[in-house]
Trainee: 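Starting off with a structure, shown below.
Just so it is clear, the values below take in all heavy atoms, side chains as well, and ignore hydrogens, waters and symmetry mates. By convention in this document, chain letters (A, B, ...) are assigned in the order of the sequence lines, proteins followed by strands, and residues within each chain are numbered from 1.
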Protein chains: 2
Amino acid sequence: MLRDEITMVLKLYDLAGADDERRFSPYCWRIKMALRHKGLDVEEIPWRFVEKERIANSSQESVPVLFDGNQMIADSWEIARYLEVTYPNHSLFGGAIALGETLFIKFWCEQTLHPILMHLLVVDIFEHLHPKDQAYFRKSREQSFGMTLEEFATSSQEAIATFTKALAPLRATLERQPYIGGTQPCFADYIVFGAFQWARAVSPIQLLVPDDPIYTWRDDLLNAFDGYARNALGYPV
Amino acid sequence: MLRDEITMVLKLYDLAGADDERRFSPYCWRIKMALRHKGLDVEEIPWRFVEKERIANSSQESVPVLFDGNQMIADSWEIARYLEVTYPNHSLFGGAIALGETLFIKFWCEQTLHPILMHLLVVDIFEHLHPKDQAYFRKSREQSFGMTLEEFATSSQEAIATFTKALAPLRATLERQPYIGGTQPCFADYIVFGAFQWARAVSPIQLLVPDDPIYTWRDDLLNAFDGYARNALGYPV
């Protein structure tokens, strides 16, 4: 193989647990789906929270970080925009207005769904971390939450009901069309799907019932790209 | 003037209060902004809840209903899609993906913001209704709420705090770009703006503080189209 061909492969630093194959970051998942949407090959390199020095030249403290030749791009939103400009085929956004609207959906997902899931998943995440990440995770999250991980964790039934209610606008949308992007998935779909992959990677919790249109939508995305997301290490959903 | 030119003017049935000029429907407001976005002239005809027979041929029990020549289109989402197809200049959506994403934002607005505002505004709405609408409104809403309008009404400070919190994803978006549609307003902006015009038409309540990026965004839309929305009858915001 020519040297040029080797260096053409994209590299993504991707958060992993104790098992190299357990990839649980919702921010990495949205990018991994976006890379496949673009038809790009990527090497997904396991990374742990304490390995800050491996991404020290990026603007971020965490992954995803994408390497494309000599370029290093950090932050999932910046990576998605970089991919859209650099590899314009198979658009992730479909134009400037949709890019703007996707930013709203990103904040909706991160401010509405992620906090509820963090309550539900935090102990499962901790238990699946690489041992070298556990002290860092506990200390940084307990400082942020102002309580222990165990105190922060919510009883499942209560938090699942809150999560189900929070999904109402997504449910109403998917009752009328198969994807947030209409007839085809777009980056907004991958953003929200990333939240579900976060849960699936670390917890046996059942977040959706089969007659929910969101269940069907998640199933479609699990099956997309030859079952890429379904074949990832995780719990059955 | 030629007969053809007269019949070319669009007509919109628009919910009005006791005063013909008090137009308070959030669903009508999104369409009135969309019509101006398209550069279309429209005659806005006051309509009241009890005037079902005037829109009896439509699929809806309420306005907006648009008449375009011999065509009658009901439901704000259907009207917006009709306008986009029939008058493609000055796109409201910018493509199929953005159309899909706008549907999500529509449901977010209607399921998250509207219910909170209904608690805040219901008594003000009732007091501004045309006398012939008041009995209908009280009966239908009290049946839907399962309590009297006065019981349903929430104390302002509590509901404003809930509303402010619910706006978080919009606030984060508008911290980074001037409109939901990015650098220019799109139909999603008009959907959310309609909720604010609903409040402004009937209530002196102050929903936003000046240092909120949403305040600036609302101000821009109040000033758009030669101050069309700001010149409408309502309370100062």
Trainee: For the candidates B:Lys106, B:Gln177, B:Gln184, which exhibits the highest count of non-hydrogen atom pairs separated by less than 4.5 Å from chain A?
Mentor: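 Among B:Lys106, B:Gln177, B:Gln184, the one with the most close pairs to chain A is B:Gln177.
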
Trainee: Is chain B contacted by the side chain of A:Tyr179, its backbone, both, or neither, given a heavy-atom distance below 4.5 Å?
Mentor: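 Neither the backbone nor the side chain of A:Tyr179 comes within 4.5 Å of chain B.
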
Trainee: Sort A:Ala96 into side chain, backbone, both or neither according to what part of it lies under 4.5 angstrom from a heavy atom of chain B.
Mentor: backbone

Trainee: Can any side-chain N or O of A:Arg81 pair as donor or acceptor with the backbone N or O of A:Trp77 at less than 3.5 Å?
Mentor: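 Checking the backbone N and O of A:Trp77 against the side chain of A:Arg81, no donor-acceptor pair under 3.5 Å is found.
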
Trainee: Should we count CG of B:Asn231 as having more than 12 external heavy atoms under 6.0 Å?
Mentor: yes

Trainee: Please list, chain by chain and in numerical order, all residues satisfying salt bridge (charged side-chain N to carboxylate O under 4.0 Å, His left out) with A:Arg138, sequence neighbours excluded.
Mentor: A:Glu142, A:Glu150

Trainee: Side chain, backbone, both or neither: which part of B:Arg171 has a heavy atom under 4.5 Å from chain A?
Mentor: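 Interface part for B:Arg171: neither.
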
Trainee: Quick one: closest heavy-atom pair of A:Tyr136 and A:Lys52, and the distance?
Mentor: OH-NZ, 3.2 Å

Trainee: Name all residues meeting the salt bridge (charged side-chain N to carboxylate O under 4.0 Å, His left out) criterion together with A:Arg200; count only those two or more places apart in sequence or in a different chain, and write none if there are none.
Mentor: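 So A:Arg200 forms no salt bridge (charged side-chain N to carboxylate O under 4.0 Å, His left out) with any residue.
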
Trainee: Below 4.5 Å from any heavy atom of chain A, which atoms of B:Thr183 appear? Answer side chain, backbone, both or neither.
Mentor: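 The answer is neither part of B:Thr183.
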
Trainee: Identify which of A:Gly94, A:Gly181, A:Pro185 forms the greatest number of heavy-atom pairs closer than 4.5 Å to chain B.
Mentor: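 If we count pairs closer than 4.5 Å to chain B, A:Gly181 comes out on top.
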
Trainee: Looking only at atom types and distance, does a side-chain atom of A:Thr164 sit under 3.5 Å from a main-chain N or O of A:Ile160, one as donor and one as acceptor?
Mentor: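 Such a contact is found between A:Thr164 side chain and A:Ile160 backbone.
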
Trainee: Counting heavy-atom pairs closer than 4.5 Å to chain A, which one of B:Gly95, B:Ala188, B:Ala98 comes out on top?
Mentor: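 Counting heavy-atom pairs under 4.5 Å, the top option is B:Ala98.
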
Trainee: Which atoms of A:Glu101 are under 4.5 Å from chain B, going by heavy atoms: the side chain, the backbone, both sets, or neither?
Mentor: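 Backbone plus side chain of A:Glu101, per the 4.5 Å heavy-atom cut-off to chain B.
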
